[in-house]
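Right, one structure below, let's go through it.
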Number of protein chains: 2
Amino acid sequence: MNKMNKKMEYALMALKHISGKSDQDLTSAKEISEQMHIPFEVMAKVLQALASRGLLKAEYGASGGYVLARPLSEVSVHGLSEMLEGHVALTKCLGNDEPCEISGTCNITSPISNLNKKVQEFYKSVSLSEVLHV
Amino acid sequence: MNKMNKKMEYALMALKHISGKSDQDLTSAKEISEQMHIPFEVMAKVLQALASRGLLKAEYGASGGYVLARPLSEVSVHGLSEMLEGHVALTKCLGNDEPCEISGTCNITSPISNLNKKVQEFYKSVSLSEVLHV
DNA sequence: CAAAATACGATTAAATAAAACGTATATAAC
DNA sequence: GTTATATACGTTTTATTTAATCGTATTTTG
Ligand code: SF4
Ligand code: SF4
């Protein structure tokens, strides 16, 4: 329960790195992946996902890279998680995919739904700037 | 990120089931596993873990079973998680096992540690009786 | 045109979680 | 006492999820 996945860690590392530079200073996927020893392809995919969701702005070409497109104070941990993984929920029955096969006899669907809401609210209450001290 | 595992779900289902009965009424692993369509061996292991941690009391023999040993209001979601999984943490570097291999170049160890503390405090603040409406 | 960067779908590999198996022990019912 | 039914627990196997890799296309600088 309750472990962070690598995509999230890599995203936080990248955002911390990028936020320490000026707005004109582009950061390439290679730069971060080498400095932090993150597999390049994975780092690139994470940055692409964040760019497609509007958190980063991508610049093409030989001297391209990424720059922040929105202030980190406007995005929560929950928001970042959704950018990388889409809809997130505690259990299967709360997702929008195929339903849980024992939901017919499950006695905690309502409690789980309430808990899920609380957890989401908690993660929405924590901004990325707060987490990263920027 | 942030998904609940089956052990936790099964534990909550069992606790909800048990807490709906009188203190003299024993509940066997088989009873729960059949009613909720949970694999018997898995359900049994979960109940054994909770009994060994003092949350349930086990009664041996042909008409044996489990009964609550502590009120659910005294145990938090975090507490239950620790009973089933031991030490829990957001990332590898926070655990007590082998350290993360890129911690030397990681720029978010301190932020992650703070976030982890917050998450733990949140889960400690939610009691099982609150979650299960009992 | 060549080099270096982002973009993205597809596949493979690794790690983790879940389930199943096997055997021992305790006790109530008969 | 024997049998049936329950907990106890270590081991193994299977399934699922996560992480990493591969391959190719596109864009832009120099
Ligand atoms: S229905 Fe019950 S068992 Fe199935 S995913 Fe929801 S909470 Fe878990
Ligand atoms: S050191 Fe950094 S990358 Fe490694 S587990 Fe901790 S936060 Fe994650």
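Each chain gets a letter, A, B and so on, in the order its sequence line appears, and its residues count up from 1.
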Review point. Once you round it to whole Å, what is the distance between C1' of D/dT5 and CD of B/Glu31?
Key: 14 Å
Point to revise | Residues A/Glu31, A/Lys21: salt bridge by 4.0 Å N-O rule | key: yes
Check your understanding: Nearest-Å distance, CE (B/Met4) to P (C/dA18)?
Key -> 12 Å
Exercise for review: Would you check if the side chain of A/Glu59 reaches a backbone N or O of A/Leu26 as a donor-acceptor pair within less than 3.5 Å?
Suggested key: no
Review point. Should A/Arg53 and A/Glu82 count as an ion pair when the cut-off is N to O under 4.0 Å?
Key: no
Check your understanding: Has A/Lys16 got more than 12 heavy atoms of other residues, nucleotides or ligands less than 6.0 Å from its NZ?
Key -> yes
Revision key, fill the gap. Atom NZ of B/Lys92 and atom C1' of C/dA14 are separated, to the nearest Å, by 12 Å
Review point. Has B/Tyr66 got a side-chain N or O lying under 4.0 Å from the OP1 or OP2 atom of D/dA8?
Key: yes
Point to revise | Out of D/dA19, C/dA19, D/dT7, whichever nucleotide has its closest atom nearest the side chain of A/Asn5 | key: D/dA19
Practice item. Tell me what A/Lys3 touches on the nucleic acid: a base, only sugar-phosphate, or nothing, going by heavy atoms under 4.0 Å. Key: sugar-phosphate
Review point. Contacts to DNA chain C from residues 42-58 of chain A, heavy-atom cutoff under 4.0 Å, which residues?
Key: A/Lys45, A/Gln48, A/Ala58
Exercise for review: Assign each of A/Gly64 and B/Lys6 to its nearest nucleotide of DNA chain C by heavy atoms, then name whichever residue's nucleotide is nearer the 5' end.
Suggested key: A/Gly64
Revision key, fill the gap. Whichever of B/Tyr10 and A/Ala29 has the more 5' nearest nucleotide on DNA chain C, that residue is A/Ala29
Check your understanding: Want to settle it: does B/Glu41 or B/Lys30 sit nearer the 5' end of DNA chain D, counting the closest nucleotide to each?
Key -> B/Lys30
Practice item. Would you tell me whether A/Asn5 and A/Glu85 have side-chain atoms, one donor and one acceptor, within less than 3.5 Å of each other? Key: yes
Check your understanding: Which letter, B, S or -, goes with each nucleotide of nucleotides 24-30 of chain D from 5' to 3', with contact meaning a protein heavy atom under 4.0 Å?
Key -> ---BBB-
Check your understanding: In whole angstrom, what separates A/Leu26's CG from C/dA4's C1'?
Key -> 13 Å
Exercise for review: For the pair A/Glu9 (side chain) and B/Thr91 (backbone), establish whether a donor and an acceptor sit closer than 3.5 Å, ignoring hydrogens and angles.
Suggested key: no
Point to revise | Between P of C/dA5 and CD1 of A/Ile32, the distance in whole Å | key: 12 Å
Practice item. Search all heavy atoms of A/Val67 against all heavy atoms of A/Asp23 and return the closest pair with its distance. Key: CG2-O, 3.2 Å
Point to revise | Minimum-distance nucleotide to B/Phe40 side chain [options: D/dT21, C/dA18, D/dT7] | key: D/dT7
Review point. Short question: side chain of B/Gln120, backbone of B/Ala89 - any donor-acceptor pair under 3.5 Å?
Key: no
Review point. What is the distance from NZ of A/Lys7 to P of D/dT21, rounded to the nearest Å?
Key: 15 Å
Practice item. Return the value, rounded to whole Å, for the distance between atom CE of A/Met1 and atom P of C/dA17. Key: 13 Å
Check your understanding: Is a donor on one side and an acceptor on the other found under 3.5 Å between the side chain of A/His87 and the backbone of A/Leu94?
Key -> yes
Study note, to complete from the structure: When every non-hydrogen atom of A/Met43 is compared with those of A/Tyr10, the smallest separation belongs to CE-O, 3.6 Å
Exercise for review: Please report, rounded to the nearest Å, how far the P atom of D/dT17 is from the CG atom of A/Leu84.
Suggested key: 19 Å
